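Data first, discussion second: the structure below is written as structure tokens.
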Amino acid sequence: MSWESVLPNVFAGGAPQTAEAPMDSDAFAGFYERSARPLWAYLARVSGDPALADDLMQESYVRFLCAARSCEGEVACRRYLFRIATNLLRDHWRRPRASSIEEIPQDYLVANASSAQTDSQAALGPALAQMRPRERQLLWLAHAEGYSHKEIAEVTGLASASIRLLLFRARHKIARLLRDRDANAGRTL
Amino acid sequence: MNLSRCTNEKEVAGLLARGGWPQACAAELRAHVSVCRHCSDLVLLTESFKSARAAAASEAPIASPGALWWRAQLRSRNAAVARVRKPILGAQVFALTTYLLIAAAFLATQARHGIGWLTWLEQLPQGSTLHLEALRPATLFSSGFAPILLIPALAVLALLGGVAAYLASDY
């Protein structure tokens, strides 16, 4: 006797066996085309590691598809996706890091070097590098993605009142860094 | 810490969100932004982050959505299988525990009354012919092996047979 004969729906191929699948494969392909680049930008700039951003982005989409949850519209789906990615980032930061440089793969160092080079060409990179991960997250969601405090609270799991205070501090900090950098650049010219 | 906002900040944020800064902005508001720390910070940050976002998005390596869809399907399927197997494992453990308990009770009862089985076996006819009458377990019943023990023993055997048949077909 095989359980496939008893519970055929569990073993059958095709769509994921959820109560209400979030979207079909064509809808997912469209959603992916529209949301993958902003999500990667968020993960890469907040983590400062493009290779990690690749991994977390793929994992975010897989978890998004596996979740038995239907979103009301693309905006809500995108917010939910960012929430998954934010949780994955947080889990990554909580994990113990490699203690020896010899344990780090060569690709990681190459990726970080190229990332630093790219960031140094941009205006924001050096200032972002001096911010805490949580601050980078809040600033990116607020100013790059244009999310409101309520939406940021939903994505990060923080209270809306805390977002206001944390964002206020982070904005002042990064604005000061950007102005200092501009002033230093003006003096050197 | 002073968290109060500038009254024009909302309007400036709206212009930035719609892409109307600075072209669609009134001259007075532009003049205000140049002197207001809150508003100038907002403009500086939003423009910096928007350009960083555009630059990062252009670098993004995009994998095939089909591969992600397939991975998600595989993971959903494995999760469904794991969900189904959990209660089956519980049932197996329960059956085994029941069997062991009944077997232990049976052995304890037999040990208390003395093992009558051996006596009965010794009384079996030693000759070449075996009569059906000789198999009647008169000694067995008289030695304390009541029929009430026979029923749970048979039930245990049936249960064990079912479990064995399931395990044999599953693996």
Side-chain angles (χ1 to χ4, degrees), chain A residues 1-3 6-7 9-18 25 28-33 36-42 44-45 50 53-54 57-58 61-66 68 118-119 121-125 127-128 139-140 142-146 164-165 168-169 171-172 174-176 178-179, chain B residues 1-5 9 13-14 16-19 37-85 87-88 162 165-170:
Chain A
M1 184 187 72
S2 165
W3 285 102
V6 180
L7 298 167
N9 288 339
V10 170
F11 291 88
Q17 304 299 311
T18 54
S25 65
F28 171 70
F31 174 68
Y32 179 78
E33 289 297 324
R37 289 178 190 281
L39 182 67
W40 188 87
Y42 167 63
R45 287 297 176 265
D54 288 350
M57 185 175 80
Q58 291 190 23
Y61 278 107
V62 171
R63 289 194 185 190
F64 172 80
L65 285 170
C66 288
T118 312
D119 275 349
Q121 291 164 3
L124 196 63
L128 261 186
L139 285 167
W140 191 274
H143 295 288
E145 293 301 324
R164 190 173 173 225
L165 180 63
F168 180 84
R169 286 180 184 155
R171 269 170 61 174
H172 273 258
I174 198 163
R176 197 182 63 243
L178 286 172
R179 287 186 203 288
Chain B
M1 184 176 284
N2 181 19
L3 284 175
S4 62
R5 286 177 161 192
E9 200 176 321
L16 286 164
R18 292 190 299 273
R37 187 63 182 257
H38 283 288
C39 293
S40 60
D41 278 359
L42 182 64
V43 171
L44 174 69
L45 289 186
T46 306
E47 288 190 326
S48 303
F49 273 94
K50 291 278 183 197
S51 61
R53 182 183 187 261
S58 66
E59 298 168 17
I62 302 301
S64 157
L68 292 173
W69 180 263
W70 180 81
R71 269 179 62 187
Q73 290 235 24
L74 196 65
R75 196 180 288 184
S76 293
R77 186 181 151 145
N78 289 342
V81 171
R83 269 200 304 275
V84 168
R85 288 208 169 163
I88 291 172
Y166 166 70
L167 289 175
S169 65
D170 199 34

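Small disclaimer: the values here were computed from a predicted structure and weren't measured.
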For chain A, the option from B:A60, B:A63, B:S64 that forms the most heavy-atom pairs under 4.5 Å: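 Max contact count across the listed options: B:A60.
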Quick check for you: among [options], which has the greatest number of heavy-atom pairs under 4.5 Å with chain B?
options               : answer
A:A175, A:A53, A:A36  : A:A175
A:A142, A:G146, A:P38 : A:P38
A:S25, A:A41, A:A29   : A:S25
A:R63, A:R176, A:E145 : A:E145

CG-CZ distance between A:L39 and A:R37, expressed to the nearest 0.5 angstrom: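 If we round to the nearest 0.5 Å, A:L39:CG and A:R37:CZ are 12.5 Å apart.
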Value rounded to 0.5 Å, distance of CD in B:E47 from CG in B:L16: 6.5 Å
Chain B contact via A:L139 - which portion, at a heavy-atom distance below 4.5 Å: both
Geometric class of the A:F64/A:F31 ring pair [parallel <30°, tilted 30-60°, perpendicular >60°]: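 Aromatic pair A:F31/A:F64 classed parallel.
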Parallel, tilted or perpendicular, as decided by the 30° and 60° cut-offs, for the rings of A:Y61 and A:F28: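 Correct class here is perpendicular.
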Residues in salt bridge (charged side-chain N to carboxylate O under 4.0 Å, His left out) contact with B:R18, at least two apart in sequence or another chain: none
Flag side-chain contact, heavy atom, 4.5 Å: B:R53 against B:F49: no
Heavy-atom proximity to chain A below 4.5 Å, by part of B:A17: neither
Proximal component of B:S40, with respect to chain A [non-hydrogen, under 4.5 Å]: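 Both parts, backbone and side chain.
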